Amino acid sequence: MDFELTESERAFRDEVRAFLDENLREGAAESPAFLAEWTKKVRAKRWVGFSWPREVGGGGGSIMEQVILKDEMAKRKAPPLGTCMMGLAWVGPSIIQYGTEAQKQKYIPDILDGKYQWCTGYSEPDSGSDLASLKCRAVREGDDYVVTGQKIWTSLAMWAKKMILLVRTARAGEGAESGSPSGGAATDGAKRGAASKHSGITCLLVDMETPGITVRPIRNMTGSAHFAEVFFDGVRIPVENRLGDEGQGWQVTISALASERSSIAEVHGLVRKIDEVKALARETVRGGRRMSEDPGIRRRIAQAEAKIEAMRLNGMRFLTKQLRGEPLGAETSINKLHRAALEIGLGELALEILGSAGTLTGSEAPAVDEGRWARFALGWPDVVIGGGTPNIQKNIIAERILGLPKD
Amino acid sequence: MNFGFTDDQRFLGEEVHKFLESSYPLRTVREVVDSPTFGGSDATLWNRIVSLGWPGLCLSEAHGGAGLDLETLIVVLEETGRTLLPSPLISTILAARAIERFGTSSQRQSWLPGLADGSRIGTFAMLEAGDSLSPAGVGTTGRVEGNAIVLSGEKRFVPDAVGAGLFVIPVRMVDERAGRSASAGNGDRGDSSLDEIALVFVDREAPGVSVSPLAGMDLTKPMGTVTLSDVRIPLDHLLGETRLGWSAVEWILDLGAALVTAEAVGSVEAALELTTRFAKDRIQFGHPIGHFQGVKHPLAEIYVDLESFRSLAYYAIWAIDHDAPDAKLAVSRAKAYASDAFAQAGILGVQLHGGVGYTWEYDIQLYLKRSKWFRPIFGDADYHYERAARLGGL
């Protein structure tokens, strides 16, 4: 075991640290002018899309450099590297791998520059965890696909200018009219019977201003809205906006979903949260004693911290595997499950520390911190459900790692 | 960056695996512990372990060891944990590492070679009637009388006590004339009481030492009671130059906790494999039961916990070996997490096996019993989470 960085890795880390010392100002993160300046500077460093090849405008960073960059940024709570979050996370990698030259030139620079937001049209009312059963239909008419159907849980849809959209171009069992009919079967673990379900799916890049698209925001249980329903009524999408072959859509998007990371950096966010919960426990006095003296609370805080540390160390084992050239697979579900349990658990812990005051949402006493903890305790579904529910993560582990039969 | 094993270490792990799989599968382990002559150590098994050099694997070459680091030991312990090997390996290594770290050079010279070559089995005897891993838990006294120290007290739950030839024991040094500790009998001890604690060596053959076995549910991890009735030991049997104090005891307990947790990784891994295999083979309602999410999900949960405490255990071992500033915290997190996780894996393992899991014949129950032994040894989840909370600033 060896936790040291090599000389060149250290040099890179020092470069990042020096950059942060120079450019990060405490409390400035909310200022739009600062953010604009920040974004320009990190873009000039090629730290936006740092993992992408240099030919497309990315940074060509090695795996270790990517980890160092994210880690240092997260430690210092720096603003994000780039503003087009969906584009950087999901759309860009798919376009780089499957896009035509024209598509790469049209979209990649804009994603890197954060010119506009992307959203992802994946889930449907009847296709959530079972995404491949999606029904939103695209029929080829001349040089267009005509799309009719509905998407849901589409984050940022009301602000996005573009969408990466999964549609059905062939009914289950029909096969695709062009491209590889076995495309979907390449998906790991898919049974033969399910292959046809995957192979009728096509990926389109959609301009959200196209006539026939209606976006209806969904108010979530916290009262705010950042995801939406999106309706397609005879929406004409030019064929040149198809990403990959017809029927290849599953592969095109899954490849991006599958480019798993060792997720070490997200641990810093959790450490910050548990530190805040600890501070809350020290400050909160109930029944004449500080909640930080309550044995039950102490144990659960220590448990959460052990779990966070386990995530960090798991991430380092995954990273070690990547550095050996072995791809990561289903084991990344381990940390997704921990993350889910912690997102829920830390909110619960905060509310239990606060007792009755934890339920208040107002800005005046006896509400605490302007009701921040109540919002905190209701915010977990974004993370816990959005990235694949815990039950799905457990299926993934059971089937792909333990080798148990598929449902 | 490499949070994993070297090729050499992996090769060693594979060799150990092959040896134990062929020579000490659970069937053989059962025969060993069922034998009426098994009192705590099986001579044949110990001789084989010794011939492979495991006791001295991570002792310095100057003292007859192989000079490897503690992380290399992990690959061995994972395998002994898989097959629930009934050997005093961890106890002996723990005693040896304590002597290597805290002993004078002449103490190292006189005691380590015998532990490294397996001619002597060692163990660390901490607990007493109060069953407490704290300075207050040390009630056994040491009284200097001329050129001897006179020990009296009773040590309980001593791992591998019956087979051991050398005990490393924390005692409370008391004033010669008063004959009692200044703060004895007072639960609220100040710092001075921490300094009263010393570590001593006790030879099994010394007059006044008696050892009796304790019947426990995990037959593969025998324990015993060691009674010290005015045992006279020479002054140079005081470990180190002077009284080492509580911090040395704490270090030994931490190393013990890290070693048993590394071994528990192998045990939970094997229990999960057994149960997963059963879930694939057992057909009910027309399907292997592993087809149902009610069976799948608990198995996935065991896997998540296993891999997580594996990471914590590896890091704890590394942190102790490198005297990392967060070593104590690392150990407490590993042992706390593992204590809960192993207990749960044992219960779920038996439960998912259904009726046959309850039988003597099926092996899964052996892991359930090992989990019960594992929970309190060197501190349970309550102890270590509370310690972690304290170390974490609460």
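Residue numbers start from 1 in every chain, and the chains themselves are labelled A, B, ... in the order their sequence lines are given, proteins ahead of strands. It should be emphasised that the depicted structure is a prediction, and the values quoted were computed from it without experimental measurement.
- Across all non-hydrogen atoms, the minimal contact from B/A389 to A/A302 is N-CB, 4.0 Å.
- With a 4.5 Å cut-off on non-hydrogen atoms, B/A381 touches chain A through its backbone and its side chain both.
- Across every non-hydrogen atom of B/F3 and A/T320, the tightest pair is N-OG1, 2.8 Å.
- Taking both residues in full, the closest heavy atoms of B/S308 and A/N314 are given as OG-ND2, 3.3 Å, listed atom of the first, atom of the second, then distance.
- Neither the backbone nor the side chain of A/Q393 comes within contact range of chain B, judged by heavy atoms closer than 4.5 Å.
- Considering every non-hydrogen atom in both A/K394 and B/H297, the closest pair reads CB-CD2, 3.5 Å.
- When the candidates B/R310, B/H287, B/Q9 are compared by the number of heavy-atom contacts under 4.5 Å with chain A, B/R310 comes out ahead.
- For chain B, the nearby part of A/I401 is the side chain; its heavy atoms alone come within less than 4.5 Å.
- Counting heavy atoms from C-beta on, the side chains of A/L402 and B/L272 come closer than 4.5 Å.
- With hydrogens and angles disregarded, no donor-acceptor distance shorter than 3.5 Å links the side chain of A/K278 to the backbone of B/G393.
- Interface check for chain A: of the options B/L299, B/L329, B/D305, the most heavy-atom pairs under 4.5 Å are formed by B/L299.
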- [ ] May I have the step-by-step check of salt bridge (Lys or Arg N to Asp or Glu O under 4.0 Å) for A/R312 and B/D326, ending in yes or no?
- [x] CA-CA 14 Å; A/R312 184 180 75 87; B/D326 61 347; 5.1 Å; no

